[in-house]
Amino acid sequence: MAPCKRSSWISPQLCLLLVHLVLPFAVAGADVLQFIDPLIGSTNGGNVFAGATRPYALAKPVADVDGQNTGGFATDGSNIVGFSAVHDSGTGGNPSLGNFPLFPKLCPGDEVSNCKFLIADRATPYVTDSVVSRPGYFGVDMASGVKVSMTSSEHAALFRFEFPDGEGEHPMVLLDLTDLWKSRQNASISVDADGARMKGNGTFLPSFGAGSYVMHFCVDFFGGQVFDGGVWVNNRGGTEPKDLFVTRGFNLFYLEAGGWARFEGLSNNTLTARMGISFISADQACQSATTEIPDPSNDFDRLVAETEDAWREKLSPMSINPGGASEELQSSFWSGLYRSMISPQNYTGENPHWDSGIPYFDSFYCLWDAFRVQHPILTIVDPNAQVQMINSLLDIFEHEGWLPDCHMSLCNGWTQGGSNADVVIVDAYVKNLTGIDWDLALKAVVQDAEVEPLEWAYHGRGGLESWKDLSYIPYLDFDPAGFGTNSRSISRTLEYAYDDYCLGVLAQGLGHDDLYDKYATRSTNWQHLWRAQQTSLINGSDTGFEGFFQPKYQNGTWGFQDPIACSSLADFCSLTTNPSETFEASVWQYQFLVPQSMSTLIVLMGSEESFIERLDFFHTSGLADISNEPVFSTVYLYHYAGRPGLSAKRLHTYIPSAFNASHGGLPGNDDSGSMGAFVVFGMLGLFPMAGQDVYLISAPFFAEVNITSPLTGKTAQIKTTGFDAGYENIFIQNVTVNGQPWTKSWIGHSLFTEGWTMELVLGNQESEWGTKVEDRPPSWGGANVVV
Ligand SMILES: *[C@@H]1O[C@H](CO)[C@@H](O)[C@H](O)[C@H]1NC(C)=O
Ligand SMILES: *[C@@H]1O[C@H](CO)[C@@H](O)[C@H](O)[C@H]1NC(C)=O
Ligand SMILES: *[C@@H]1O[C@H](CO)[C@@H](O)[C@H](O)[C@H]1NC(C)=O
Ligand SMILES: *[C@@H]1O[C@H](CO)[C@@H](O)[C@H](O)[C@H]1NC(C)=O
Ligand SMILES: *[C@@H]1O[C@H](CO)[C@@H](O)[C@H](O)[C@H]1NC(C)=O
Ligand SMILES: *[C@@H]1O[C@H](CO)[C@@H](O)[C@H](O)[C@H]1NC(C)=O
Ligand SMILES: *[C@@H]1O[C@H](CO)[C@@H](O)[C@H](O)[C@H]1NC(C)=O
Ligand SMILES: *[C@@H]1O[C@H](CO)[C@@H](O)[C@H](O)[C@H]1NC(C)=O
Ligand SMILES: *[C@@H]1O[C@H](CO)[C@@H](O)[C@H](O)[C@H]1NC(C)=O
Ligand SMILES: *[C@@H]1O[C@H](CO)[C@@H](O)[C@H](O)[C@H]1NC(C)=O
């Protein structure tokens with residue numbers, strides 16, 4: 001069944017209806033698009049982009065609201081303030097992009113002088129039940145009676161505004177020279193004499209970064225004749241002049257301004273607006289729009305169908321036999337996979353700063369989030385894109401001097417911990433991706449480890465002198481070499497140690513054994529902050545665990561951070577909010593973040609039993625923050641203590657209770673698809689230890705999964721015996737790979753590239769499988785504790 005593959009003969013609403021009629025009979029081989037709900041995570045802080053987009057595309061039209069608008073739209077019942085063509089997905093903090101929104105309206109008495117232009121005055125509720133969102137299509141009805149639908153190509157958005165019947169009225173569309181965050185510095189617009197085209201640009205600030213960027217637009221209107229048009233400032237519009245330059249004046253006061261046009265003779269009361277976007281020039285925006293959408297009045301259905309096909313293609317490496325798993329779980333799975341390919345964004349040909357002829361990606365927002373599971377899922381389902389993204393990171397290194405940790409809107413974003421591009425690169429290296437200049441990669445990663453930039457707030461690492469001399473990042477470090485927020489000494493120490501481990505692996509692979517020795521040694525630096533006598537109290541009562549990471553001054557004296565500080569039981573800690581020695585999570589959380597040497601960590605914690613007790617306490621006491629990425633691996637770390645069954649059990653306490661198919665079904669910011677990728681891996685029954693050729697094996701949520709490698713064309717099969725969709729049988733009893741017993745609780749990437757068949761026997765009790773020391777996931781450095 002392929003419903004809606006070509007939707008030109010039926011309306012989107014009818015199509016959805018058909019899908020729902022057919023759904024109960026859906027089986028493997030059904031159209032996966034029916035399971036994709038872009039509204040998952042559209043409220044409750046998921047901040048997903050819920051509109052129309054092609055995979056990784058620049059153009060991302062959606063309705064912008066005045067409530068939770070980080071991704072533009074939210075199902076929070078707030079008001080629509082515009083329809084804009086570019087967005088980021090899943091980010092936290094300030095809303096990103098949303099530049100140059102259009103807004104359709106009727107002026108009272110058909111008088112421009114009666115029209116309200118300002119955001120606060122034009123805000124209009126939407127009809128809750130009218131929202132339709134599916135791949136390539138977003139539609140919503142406004143309480144004003146205007147019905148709006150939209151789709152997109154790579155660099156342009158196509159909007160349809162259907163106005164209510166109104167005798168003798170001249171519907172208006174205004175364009176606001178703003179973005180969601182109102183970060184605009186100055187901007188220009190020119191409205192063609194006949195009003196049918198508006199062009200211009202604006203200078204804006206990146207939502208989580210330094211510097212500024214210029215964006216250009218080109219809008220054309222179709223479906224009727226222009227009645228009149230011009231520019232507006234504050235709540236006043238006029239037909240002259242036709243050009244406007246607006247800036248930020250006294251006290252950086254924010255003046256609202258833009259262009260407008262009114263129309264007559266609309267066929268079916270419908271006005272079509274085509275908006276091209278470019279980072280190069282308004283002419284390039286016009287060029288992309290006319291090339292990609294040459295016949296705006298008739299291209300809508302073609303664009304939707306092409307977008308649907310593009311998504312089917314991107315999702316095609318995976319197929320599942322749900323084995324009775326609910327449609328909600330399937331929707332979580334496919335929607336998660338979908339969201340992991342919305343961003344980073346492909347800005348190839350749109351980089352005004354350099355043109356090296358290789359694909360250019362941006363909106364790495366941020367690698368601190370995305371390195372853990374989003375990039376690893378791309379390595380499996382879209383390795384060609386992953387290679388292009390890594391080459392973009394290396395291209396940024398060559399032209400800007402450093403690998404970024406976060407990069408959006410052509411600007412550097414703020415670094416949250418270590419230099420995580422290192423992990424992304426090494427993850428690709430150990431999984432044998434090709435088409436990457438590994439010597440260049442080594443140079444870039446070594447620079448992160450050796451050279452401190454003046455501004456380590458947005459690239460590289462800080463405190464490198466201390467890192468080299470003292471082998472830890474000191475509490476209140478004296479660091480005159482460079483500048484960043486001088487906090488996070490514990491989490492930076494842990495992250496730098498892992499970055500160095502990854503660097504060592506790359507160096508060794510490229511034949512630099514000397515470098516390997518050096519960085520392998522540095523990767524043990526985390527041990528210097530382990531304070532064996534540290535205890536942890538909650539409300540005055542001892543949790544009973546002894547030994548935690550603690551901050552240490554330059555002189556070797558211990559500082560103190562309450563191990564529960566920055567957890568869900570205490571205050572949030574970020575770069576500027578309550579800066580602490582751990583970033584966005586507690587010492588309790590960070591105590592588990594030693595992915596290179598888990599066995600050593602377990603020794604420091606006393607015993608495997610004690611390690612397991614800590615994990616259990618962490619996950620059941622309210623200390624674990626499932627809404628933020630550092631928590632992901634902790635769900636699975638029982639594998640390292642020989643108890644893979646407990647990982648599966650823990651996972652089921654979070655899916656679906658914290659990750660589900662409702663509009664508020666993500667526990668936190670999706671972060672460029674990270675939450676989505678976590679769900680996908682969880683349901684596949686594999687968890688990647690990013691930076692290592694290691695996937696921890698657990699029971700899948702489906703009876704059978706096939707994953708075809710886009711590189712080799714071979715199909716990995718994950719099969720189960722004893723699968724039950726009630727999830728009693730979540731414990732692996734036995735595993736075979738290609739028919740041979742597989743005793744290890746982990747497997748490498750060859751599963752995918754070689755197309756192995758992994759068969760799992762499931763039962764309702766833990767078994768012996770994966771419990772032996774030699775069957776545990778690799779752990780570097782054994783138990784050679786240095787403190
Ligand atoms: C626009 O604003 C940017 C950033 O504030 C500034 O660099 C630029 O000079 C301004 N352009 C004009 C024409 O004023
Ligand atoms: C923005 O548009 C104005 C008016 O067309 C033009 O003078 C200016 O050069 C443009 N700015 C940039 C950065 O292209
Ligand atoms: C106008 O609407 C009618 C009824 O929905 C439809 O048949 C016709 O094709 C539409 N015309 C145009 C130009 O879109
Ligand atoms: C996986 O591939 C095998 C071999 O082609 C096929 O028999 C099986 O039905 C597929 N399973 C799924 C879930 O697609
Ligand atoms: C990004 O866009 C460029 C230019 O259109 C294209 O060559 C490249 O394949 C795209 N990358 C992906 C992963 O789609
Ligand atoms: C600590 O005490 C406060 C006040 O009595 C209470 O609200 C909170 O739930 C307690 N926290 C824990 C983790 O027990
Ligand atoms: C080490 O430095 C800290 C912070 O300056 C200070 O409080 C402590 O007394 C010092 N310890 C020693 C042994 O000098
Ligand atoms: C779905 O997930 C959200 C976000 O984590 C959670 O608040 C909600 O309780 C979950 N719903 C169900 C029915 O489990
Ligand atoms: C698992 O495999 C072992 C040996 O490979 C065998 O002895 C045992 O019976 C199997 N257990 C189950 C539950 O299949
Ligand atoms: C990568 O290549 C190396 C050397 O050929 C090989 O040993 C390893 O198994 C490969 N790993 C994967 C995941 O393909």
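FYI, the numbering just counts along the sequence from 1. In listed order, ligands and their atoms are each counted from 1.
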Student: Of the choices L666, N44, T43, which has the non-hydrogen atom that lies closest to atom 7 (O) of ligand 8?
Tutor: N44

Student: Once you measure the plane-to-plane angle for F752 and Y695, does it fall in the parallel (<30°), tilted (30-60°) or perpendicular (>60°) bin?
Tutor: perpendicular

Student: State the atoms of ligand 8, each with its element, that fall below the 4.0 Å cut-off from a heavy-atom position in G664.
Tutor: 2 (O), 3 (C), 4 (C)

Student: Considering the heavy atoms of N706, write down every atom of ligand 4 situated less than 4.0 Å from one of them.
Tutor: 1 (C), 2 (O), 3 (C), 8 (C), 10 (C), 11 (N), 12 (C), 14 (O)

Student: Counting non-hydrogen protein atoms only, what is the nearest one to atom 14 (O) of ligand 7? Give residue, atom name and distance.
Tutor: N555 ND2, 3.3 Å

Student: For atom 13 (C) of ligand 4, tell me which residue out of I718, N321, I707 has the closest non-hydrogen atom.
Tutor: N321

Student: Heavy-atom distances under 4.0 Å decide this one: backbone, side chain, both or neither, for V705 against ligand 4?
Tutor: neither

Student: Is there a heavy atom of T715 sitting under 4.0 angstrom from any atom of ligand 4?
Tutor: no

Student: Only one of W588, Y590, F560, F618 passes ring-ring contact (aromatic ring centres under 6.0 Å, His included) with F548; say which it is.
Tutor: W588

Student: Answer yes when D616 and R650 have at least one side-chain N-carboxylate O distance shorter than 4.0 Å, and no when they do not.
Tutor: yes

Student: Scan the protein's non-hydrogen atoms and note whether one is under 4.0 Å from atom 5 (O) of ligand 7.
Tutor: no

Student: Do F659 and ligand 8 have an N or O pair less than 3.5 Å apart?
Tutor: no

Student: Return a yes/no value: protein heavy atom under 4.0 Å from atom 9 (O) of ligand 7?
Tutor: no

Student: Using a strict cut-off of 4.0 Å, indicate which atoms of ligand 7 neighbour a heavy atom of T557.
Tutor: 1 (C), 10 (C), 11 (N), 12 (C), 13 (C)

Student: Among F681, F678, Y654, exactly one meets ring-ring contact (aromatic ring centres under 6.0 Å, His included) together with F659. Which residue is that?
Tutor: F678

Student: Which atoms of ligand 4 have any heavy atom of S319 under 4.0 Å away?
Tutor: 12 (C), 13 (C), 14 (O)

Student: Below 4.0 angstrom from a heavy atom of P656, which ligand 8 atoms are there? Numbered from 1 as shown, please.
Tutor: 14 (O)

Student: Would N660 count as a polar contact of ligand 8, with the cut-off being nitrogen or oxygen pairs under 3.5 Å?
Tutor: yes

Student: Using the ring of W311 (Phe, Tyr or Trp, six-membered ring only), decide whether K314 places NZ or CZ under 6.0 Å from its centre and within 45 degrees of its axis.
Tutor: no

Student: Are R488 and E581 close enough, and set up right, to give a salt bridge (charged side-chain N to carboxylate O under 4.0 Å, His left out), and what steps lead you there?
Tutor: CA-CA 4 Å; R488 302 161 289 145; E581 298 320 297; over 6 Å; no

Student: Would D693 and K431 pass as an ion pair if we require N to O under 4.0 Å?
Tutor: no

Student: May I ask you to decide if the ring planes of W530 and F549 are parallel, tilted or perpendicular, using 30° and 60° as cut-offs?
Tutor: perpendicular

Student: Checking F702 against F723 for the ring-ring contact (aromatic ring centres under 6.0 Å, His included) test, could you report, in this order, the C-alpha distance in whole Å, the side-chain angles of both residues, the deciding distance, and whether it holds?
Tutor: CA-CA 8 Å; F702 305 122; F723 176 83; 7.7 Å; no

